**Q** 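Mind having a look at this structure? Questions to follow.
The figures here come from the full heavy-atom set of this structure, side chains too, leaving out hydrogens, waters and symmetry mates. Just so it is clear, the structure is predicted and the values come from calculations on it, not from any experiment. We name chains A, B, ... by the order of the sequence lines, and we start the count at 1 in each one.
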2 protein chains.
Amino acid sequence: MARAFTVGADFGTNSVRAVVADCADGRIVGTAVADYASGDRGVLLDPRDPHLARQNPADWLDGLGASVREALAAAEAERGFARERVIGIGTDTTGSTPLPVDAACRPLALDPRWKGNLAAQAWLWKDHTAAAEAEAITETASRHAPELLAPIGGRYSSEWFWSKIWRCLKVAPDVFAAAASWIELADYVPATLAGVASPSAVRRCMCAAGHKAMYARRRGGLPAAAFLARLDPRLAELRGRLFDAAHPADRPAGHLSAEWADALGLPGGIPVAMGGFDAHYGAVGAGITVGTLVKIIGTSTCDIAIAPGSEPVGDIPGICGIVDGSVMPGYHGIEAGQSAVGDLLAWWVERQGTGGEAEHARLSAEAARLAPGASGLLALDWNNGNRTILVDQRLTGLLVGQTLATTRAEVYRALVEATAFGARAIVERLTEYRVAVERVVCCGGIAEKNDLFMQIYADVLGRPMLIAGSPQTPALGAAIAAAVAAGGAAGGHDAFEPAQRAMTGLKEKRFMPDGDAHGVYDDLYGLYRQLHDAFGGVTRGADLGPVMKRLLDLRERQARQTRGSAT
Amino acid sequence: MARAFTVGADFGTNSVRAVVADCADGRIVGTAVADYASGDRGVLLDPRDPHLARQNPADWLDGLGASVREALAAAEAERGFARERVIGIGTDTTGSTPLPVDAACRPLALDPRWKGNLAAQAWLWKDHTAAAEAEAITETASRHAPELLAPIGGRYSSEWFWSKIWRCLKVAPDVFAAAASWIELADYVPATLAGVASPSAVRRCMCAAGHKAMYARRRGGLPAAAFLARLDPRLAELRGRLFDAAHPADRPAGHLSAEWADALGLPGGIPVAMGGFDAHYGAVGAGITVGTLVKIIGTSTCDIAIAPGSEPVGDIPGICGIVDGSVMPGYHGIEAGQSAVGDLLAWWVERQGTGGEAEHARLSAEAARLAPGASGLLALDWNNGNRTILVDQRLTGLLVGQTLATTRAEVYRALVEATAFGARAIVERLTEYRVAVERVVCCGGIAEKNDLFMQIYADVLGRPMLIAGSPQTPALGAAIAAAVAAGGAAGGHDAFEPAQRAMTGLKEKRFMPDGDAHGVYDDLYGLYRQLHDAFGGVTRGADLGPVMKRLLDLRERQARQTRGSAT
């Protein structure tokens, strides 16, 4: 069979990246990035409200056209590539990023009447204006519909679908009234590519519906109208104009319209894959399987696992989301995360230090020479709250064990370790509820650049730490979804599993746990959990008197030991 | 009556400072400093053992001669001064700094046979080689003689008399065997000036005996031979060659020998005051009274209070020492302290930052613009352990409340506040046991230079913070002791109280507590005590879950408030 290719487009916060992937081996033969034109690097801000973050839908469309055309042009340099051999297109996006649309499924924001209204734009994932609404939803659900909260870790977020729509209703009722429906960016892009002209015809993806809109097929879809009416009767009324069903990514969202085929320079009518969140398609592109935890490590982390769809997975306390058919068709998709990882290290290096790459490198090199436990320090990684497993934004950082000799590199290492302990708390919670975690595959710059970080995680988790082969796993995952949407007969794949086997890989560099270090970290993790549970309000009546002394004991045992080199 | 003057000499760690004071008003009419010549700025080190710190007695004698001669020369510029009008000399020193002497009361270290032996030198106060011995003394006393521990806070220190002598016995038995007796630096200097030629003729001061050697008149002096024999029979045997009685400073230690009168250029036969510790004579020079706490604030702090000698003061748990007749005759001298104050701030500015005066000034200025509680931070001041009220060196620092926005200045302020909370714990412990603390008089560079520090202390303690008039309170205190030793008839004073009234004063600048700030600090101190008691092992079963949330609540309340300026 002739070689076949798919296009994947990844809609980030500041830009969209398009890749052209070879369906046989996943190799990227062309890639391009288009920055968003509006606002502050694509984010519309309001100087009066630091919590506001919106996005202009026109940026997506412009960026999509520019990046795909440029990626295709780059691919032409590849022998054996031709535009006619592109058999599908897939997209992934940030989320929850809902936007109001009109009856023709056009964003209100593109209508001159609403163009200048911030409430009519897309409500970007990191918009935090709806904190009061999130609080009220959590409160109402805990009293009247606790079954809605159990699968999302017990707390509804200000970043999510209903919080934002309710906020819009309150602060911009004219926008709310003008919206025929609301749609997630993840669904908007494929619907647009497929020329869908009515909100009711949009195939909504399970990722956004299940993880952000409290959709569950077994409960009859979206939250009941009676529940929504407790928030506001107009939300109950809106429910009828949203959607009844959400879908996994096993069938296409539609087929590429002539208009968009022309705009992108692609064959018309090729399948458009179901949309999905960047983290979910990133996990696909990282080769997620049952037993593999994919960690997307950036300023924060998103952790993705899957469990066989054939076995029920109950609610797991403190885990943000468990959704049938999200991430990959046929599996339960499970999402967790840490609120600050790269951000925590950047805080120490930049806000608490002189900053810059050189300082990062110096601290990391100095920290790498320390043995586990040798500093006597222990930290909680809560400078931005705790997303999983405590689901509590009102928690803060803690550092204990300082002496007058404590160095900046020792604190740096303690902060890396703290995030690793936070990661271990997530892994232990998953395995406690029989979600297998045998290995960890990481994506993101930290995973690729910071060996110390990776070795500490291997030693703390007691599991191999692997690195995804592609640096662009979300776009690759979208291209994989496109290959599955196209199917094996067209030169793609008939299911996600064989597509992943063919199109994903791992970097050769891997980090294996060191037995001695793991032993020391078992002790330190025990102390971490004591602090975690005491300050996290899990346990009352903790006996913390011995904590400092146990850290000093460990320090004395380890101080003169120099760490063996990483695998 | 013609004007009268006294000389005070203060033996520090690196140098000796001499002052010539006017007995009428305490004015310093001449001063000079002589650095010690040996070792690292006067401290003999051993590259193989970071805990070792010794001192060469020759440095003291050379430094005393040089500094007194130079101070007298400077005083000659003063109208009305003449050497014949110097009516007494007093000295204060570091301690516990014991040294082995021969039968003529000469330091073994001055004998060519022992000159090169580190064990034969003076064991400087900050020598920590005797940790194991201190531990064993504490352990033995707690089982067989708990009455020895009660007045010293429950734990015997590696810095003190018996620990060091026992250590010498173990590591250098030849030196121990060659010593006719051991003598504290505080007693050695006046005895030498007075030409005392036998250890048994040395008048030992109450400061050193009571605070460091477990001497108590009511218990028959030094610890019983039976107790010492449990440590080592040779220590029991040494007891007979030490001393039976220790004395307050109401009578002179002796009179200036012809040899030293000649060396110093002073009249022969003038009274030599009893020696005392720098902190104690510093308190005298700061004008200590019943109801005044004197804080000598440096790298660490020493806190001195006195209580009327007419009323018994029981043991106060966690207070390092309560000794009848130390500090001032006729009072109970009470000593407490914090292990790291200036050191803690220096650690943050220098070891955790770029260091230097400019950084100190920048952080201090930025921190001064913050309102109490506005950072949401809280720290424990234990980076060097806790001397009072927990008496536990095996405690470490703690910082809680960090967010990704936390600045270095906020941490700086939290560390200042932590030391103030530590100071409050001492004040509350004292007042709980009916030792009055109505005002605080501070000595030291921080008190004179750091207004932010002083205002925070005033606000945390809810008491006026005053600054001693003289920057050289220990030397002035020694000069006051000399004026009392000389007596009113000679142009001095008949007792310490009138001498202090005449010769000490306060700086005009004072820091008054602000009611609002004090209220916020009451809340923060409550949280501090929760952490203090939980991590200090005082309470088990603490409920720390609300701590971070209460700090965030306070932060939100205070964040937008700007602090009113200091009084």
**Q** With only heavy atoms counted, which part of Leu531(A) is less than 4.5 Å from chain B, the side chain, the backbone, both or neither?
**A** side chain
**Q** Hey, what do you get for CG (Leu544(A)) to CG (Asp533(B)), rounding to the nearest 0.5 Å?
**A** 12.0 Å
**Q** For Val538(A), is it the side chain, the backbone, both, or neither that has a heavy atom closer than 4.5 Å to a heavy atom of chain B?
**A** neither
**Q** Under 4.5 Å heavy-atom distance to chain B, tell me which part of Thr354(A) shows up: side chain, backbone, both or neither.
**A** side chain
**Q** Under a 4.5 Å heavy-atom cutoff, which of Val547(A), Thr407(A), Leu377(A) has the most pairs with chain B?
**A** Thr407(A)
**Q** As an exercise: rank Gly376(B), Ala542(B), Gly537(B) by heavy-atom pairs under 4.5 Å with chain A and give me the winner.
**A** Ala542(B)
**Q** Holding to side-chain hydrogen bond (donor to acceptor under 3.5 Å, both in side chains), I want the full list of residues that pass it with Asn384(B), two or more places apart in sequence or in another chain.
**A** none
**Q** For Asp553(A), which atoms come within 4.5 Å of any heavy atom of chain B: side chain, backbone, both, or neither?
**A** both
**Q** Using a cut-off of 6.0 Å, state whether more than 12 heavy atoms not belonging to Glu350(B) lie near its atom CD.
**A** yes
**Q** Taking only heavy atoms into account, what residues of residues 394-406 of chain B are found under 4.5 Å from chain A?
**A** Arg394(B), Leu395(B), Thr396(B), Gly397(B), Leu398(B), Leu399(B), Val400(B), Gly401(B), Gln402(B), Thr403(B), Leu404(B), Ala405(B), Thr406(B)
**Q** Among the options Leu551(A), Leu344(A), Asp392(A), pick out the one with the most heavy-atom pairs lying under 4.5 Å from chain B.
**A** Asp392(A)
**Q** Between Arg408(B), Lys549(B), Gln352(B), who has the most heavy-atom pairs with chain A when the cutoff is under 4.5 Å?
**A** Gln352(B)
**Q** Would you check if Met548(B) and Leu380(A) make a side-chain contact, meaning some heavy-atom pair closer than 4.5 Å?
**A** yes
